[in-house]
Undergrad: 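One structure, as structure tokens, below. Some questions next.
What you see is a predicted model, and the numbers here were worked out from it, not measured in a lab. We use all heavy atoms of the structure for the numbers below, so side chains are in, but hydrogens, waters and symmetry mates are not.
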Amino acid sequence: MDANDAVYDIAVVGLGPAGATLCRLLDPRFRVIAFDRKASDPAAPGFRKPCGGLLAEDAQLALSRQGLALPNEVLADPQLFSVRTIDLCRKLERTYRRFYINMDRHKFDLWLKSLIPAGVEVHHDASVRAFSREADSLWRIRYFENGEEKSVRARTIAGADGAASLVRKTLFPKHKIRSYTAVQQWFKDEQAAPLYACFFDERLTDCYGWAVSKDGELVFGAAFPRENASRAYELLRERAGQFGFVLKDPLRTEACQVLRPERARDFRVGTPEGAFLLGEAAGFISPSSLEGMSYALDSAEKLAAIFNAGGKDCDVASLFGQYRAGTRKIRLKLLTKILKNPFMYNPQLRTLVMKSGITAI
Ligand SMILES: Cc1cc2nc3c(=O)[nH]c(=O)nc-3n(C[C@H](O)[C@H](O)[C@H](O)COP(=O)(O)OP(=O)(O)OC[C@H]3O[C@@H](n4cnc5c(N)ncnc54)[C@H](O)[C@@H]3O)c2cc1C
């Protein structure tokens, strides 16, 4: 059969934590095709998700629920149990207890991809360029692979393509969600002791910055409103330097978009025509901590369970309704994070909390 004529039950766009988890948990009776810009070989050049690589407790819980244990090679050295929180404007510092797992994010992504069953047709190093709904209600997905433009058809499409999601933008071209530019650089780790720190400086950003020691290197980054992000990053680096952090001669620089939802309608889970959004593509990321992996794992698990229960011939509109209802808890949880935001990001409130020493070590 010509590849253009093949019809799949589900086409998954993007194999970060959300897409890889969905593919792993889908019942083998579905005919699934998946596309990911990343290469499968860890040494190969190509797309790597810029990330702090910290696995929060809720993400640890999701992995446990899904019966997974993290292999050693995914862990980064050292494991840290507290975060130094620094307000660079007021020169205030406090240390708080945290229970993150420190990981190599790229290795984590490749490990999750390696768990996808052989029955799923995975296209690594392949980029989806466009998709549209045809007269027979099937989705036509156009992708670019090995220098060639190709296409397939599928009954449903699952957009797990992250913050800059093509699937989300195609389904909701008019909807704008608040987004920031995350910039981070890697340095040889020359701090006095291994470090996990976060930085606030409202002169440069109303979001925050981070520094994490990883395998002899230090990643230092921050999320900025989209204009002048690189200038703001340089100033933040300079100010952190004045605070005693050693940040010279960057080894590499990364940047990408990160979403920061601010209202209920920023969460979009798809359309009744059989298009689904999961992970950050759905807007599922904490606007306070920018933690997104737990929501990627949770939403993928939910969508897989709904597909599996519905079976191959289930009405796609009904699947969509179930997924929308099934992700209500995720949306509510994120709404509470939106409400919590002022306590972290309002300078006066944050100063009060930090000065009070509540919950600090
Ligand atoms: C700088 C930074 C630091 C962060 N730190 C943390 C952290 O420490 N802990 C945490 O929990 N969260 C963190 N986050 C958030 C977290 O990285 C995301 O929320 C999470 O990765 C979302 O997972 P996902 O699977 O939905 O999307 P992604 O991880 O973004 O995966 C999407 C995948 O889709 C693929 N893709 C995209 N477009 C296409 C296309 N057109 N065709 C084919 N493939 C495509 C890409 O290969 C990509 O791997 C951070 C985010 C940023 C930007």
Side-chain angles (χ1 to χ4, degrees), residues 3-16 18-19 21-23 25-27 29-36 120-121 123 126-144 149-177 259 261 263-284 295-296 298-328 330-331:
N4 281 348
D5 293 328
V7 176
Y8 294 82
D9 295 310
I10 307 162
V12 181
V13 185
L15 293 175
T21 301
L22 176 67
C23 287
L25 297 178
L26 281 170
D27 199 292
R29 74 199 134 137
F30 293 113
R31 190 164 182 209
V32 183
I33 187 166
F35 306 95
D36 192 35
V120 175
E121 186 180 320
H123 293 250
S127 193
V128 170
R129 293 292 171 89
F131 68 97
S132 53
R133 199 143 182 267
E134 302 200 320
D136 53 7
S137 299
L138 292 174
W139 293 98
R140 163 88 51 196
I141 295 112
R142 295 177 199 284
Y143 64 101
F144 198 72
E149 185 92 28
K150 303 175 188 173
S151 83
V152 289
R153 291 184 300 155
R155 229 177 126 232
T156 59
I157 180 165
D161 46 347
S165 172
L166 168 90
V167 180
R168 180 188 178 104
K169 283 182 194 149
T170 308
L171 295 174
F172 303 105
K174 291 202 178 117
H175 179 250
K176 296 271 173 289
I177 178 167
L259 300 186
R263 53 211 164 163
R265 65 191 177 88
D266 285 341
F267 307 119
R268 302 270 162 138
V269 294
T271 68
E273 288 78 34
F276 300 88
L277 291 166
L278 59 158
E280 200 172 332
F284 293 158
Y295 304 99
D298 287 351
S299 55
E301 187 179 331
K302 191 52 79 185
L303 185 56
I306 285 163
F307 267 115
N308 292 345
K312 258 176 103 74
D313 301 316
C314 187
D315 169 46
V316 293
S318 144
L319 289 178
F320 168 72
Q322 290 173 54
Y323 181 56
R324 196 172 46 186
T327 47
R328 191 173 294 132
I330 297 179
R331 295 197 301 273

Undergrad: Please list all pairs passing the side chain to side chain donor-acceptor pair (under 3.5 Å) test where one or both residues lie in residues 304-315, with sequence neighbours left out.
TA: D9-K312

Undergrad: With salt bridge (charged side-chain N to carboxylate O under 4.0 Å, His left out) as the rule and sequence neighbours excluded, what pairs involving residues 166-177 come up?
TA: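 Non-adjacent pairs meeting salt bridge (charged side-chain N to carboxylate O under 4.0 Å, His left out): zero.
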
Undergrad: Please name all residues satisfying side chain to side chain contact (heavy atoms under 4.5 Å, CB included) with V316, sequence neighbours left out, ordered by chain then number.
TA: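 Once residues adjacent in sequence are excluded, the partners of V316 under the side chain to side chain contact (heavy atoms under 4.5 Å, CB included) criterion are R155, T156.
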
Undergrad: Take C314 and F307 through the side chain to side chain contact (heavy atoms under 4.5 Å, CB included) test and state the conclusion after the steps.
TA: CA-CA 8 Å; C314 187; F307 267 115; over 6 Å; no

Undergrad: Could you list the residues that satisfy salt bridge (Lys or Arg N to Asp or Glu O under 4.0 Å) with D36, not counting sequence neighbours?
TA: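 With sequence neighbours excluded, D36 shows a salt bridge (Lys or Arg N to Asp or Glu O under 4.0 Å) to K38, K113, given in chain and number order.
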
Undergrad: Excluding sequence neighbours, so at least two apart, what forms salt bridge (Lys or Arg N to Asp or Glu O under 4.0 Å) with R263?
TA: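 R263: salt bridge (Lys or Arg N to Asp or Glu O under 4.0 Å) contacts with D266.
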
Undergrad: Taking side-chain hydrogen bond (donor to acceptor under 3.5 Å, both in side chains) as the definition, give me every residue that meets it alongside R331, ordered by chain and number, with sequence neighbours left out.
TA: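 Testing R331 for side-chain hydrogen bond (donor to acceptor under 3.5 Å, both in side chains), a comparison that skips the adjacent residues, returns T327.
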
Undergrad: Which heavy atom in C23 sits nearest to a heavy atom in A34, and how many Å separate them?
TA: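 Answer, listing the atom of C23 first, then A34: SG-CB, 3.8 Å.
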
Undergrad: Using side-chain hydrogen bond (donor to acceptor under 3.5 Å, both in side chains) as the criterion, list what pairs up with T170, not counting sequence neighbours.
TA: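 T170 satisfies side-chain hydrogen bond (donor to acceptor under 3.5 Å, both in side chains) with no other residue.
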
Undergrad: Evaluate side chain to side chain contact (heavy atoms under 4.5 Å, CB included) for V152 paired with Y143, printing each intermediate quantity in order.
TA: CA-CA 8 Å; V152 289; Y143 64 101; 4.2 Å; yes

Undergrad: What distance do E301 atom CD and T21 atom OG1 have between them, rounded to the nearest 0.5 Å?
TA: 8.5 Å

Undergrad: Under the rule for salt bridge (Lys or Arg N to Asp or Glu O under 4.0 Å), what residues qualify as partners of E149, not counting sequence neighbours?
TA: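 E149: no salt bridge (Lys or Arg N to Asp or Glu O under 4.0 Å) contacts found.
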
Undergrad: If every non-hydrogen atom of A304 is compared with every non-hydrogen atom of L22, which pair is closest and at what distance?
TA: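 For A304 and L22, the tightest heavy-atom pair comes out as N-CD1, 3.7 Å.
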
Undergrad: If you compare all heavy atoms of R268 against all heavy atoms of R265, which two are closest, and at what distance to 0.1 Å?
TA: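 Minimum heavy-atom contact is NE-O, 3.0 Å.
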
Undergrad: Kindly write out the residues that satisfy salt bridge (Lys or Arg N to Asp or Glu O under 4.0 Å) with R29, not counting sequence neighbours, or none if the list is empty.
TA: D27

Undergrad: Checking E273 now: which residues fulfil side-chain hydrogen bond (donor to acceptor under 3.5 Å, both in side chains) with it, not counting sequence neighbours?
TA: T271

Undergrad: Any chance you could measure L138, atom CG, to I157, atom CD1, to the nearest 0.5 Å?
TA: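 L138 CG to I157 CD1: 12.0 Å, rounded to 0.5 Å.
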
Undergrad: Quick check: closest heavy atoms across A158 and L278, and the distance to 0.1 Å?
TA: CB-CD2, 4.0 Å

Undergrad: Evaluate side chain to side chain contact (heavy atoms under 4.5 Å, CB included) for F284 paired with V269, printing each intermediate quantity in order.
TA: CA-CA 9 Å; F284 293 158; V269 294; 3.7 Å; yes

Undergrad: Between CD1 of I141 and CZ of R129, what distance do you get to the nearest 0.5 Å?
TA: 15.0 Å

Undergrad: Not counting sequence neighbours, which residues clear side-chain hydrogen bond (donor to acceptor under 3.5 Å, both in side chains) with S165? List them please.
TA: D161

Undergrad: Do you know the tightest heavy-atom contact between L171 and G270?
TA: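 Result for this residue pair: CD1-CA, 4.4 Å.
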
Undergrad: Identify the two heavy atoms, one from V12 and one from G19, that lie closest to each other, and give their separation to 0.1 Å.
TA: CG1-CA, 4.0 Å

Undergrad: Could you give the distance from CG (L15) to NE2 (H123), rounded to the nearest 0.5 Å?
TA: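 The distance works out to 10.5 Å.
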
Undergrad: Would you please name every residue forming a ring-ring contact (aromatic ring centres under 6.0 Å, His included) with Y295, sequence neighbours left out?
TA: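 Residues passing ring-ring contact (aromatic ring centres under 6.0 Å, His included) with Y295: none at all.
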
Undergrad: Would you please test F276 and V167 for side chain to side chain contact (heavy atoms under 4.5 Å, CB included) and show each step?
TA: CA-CA 9 Å; F276 300 88; V167 180; over 6 Å; no

Undergrad: Sub-3.5 Å donor-acceptor pair from the side chain of E280 to the main-chain atoms of L259, do we have one?
TA: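 Yes, because the side chain of E280 sits within donor-acceptor range (under 3.5 Å) of the backbone of L259.
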
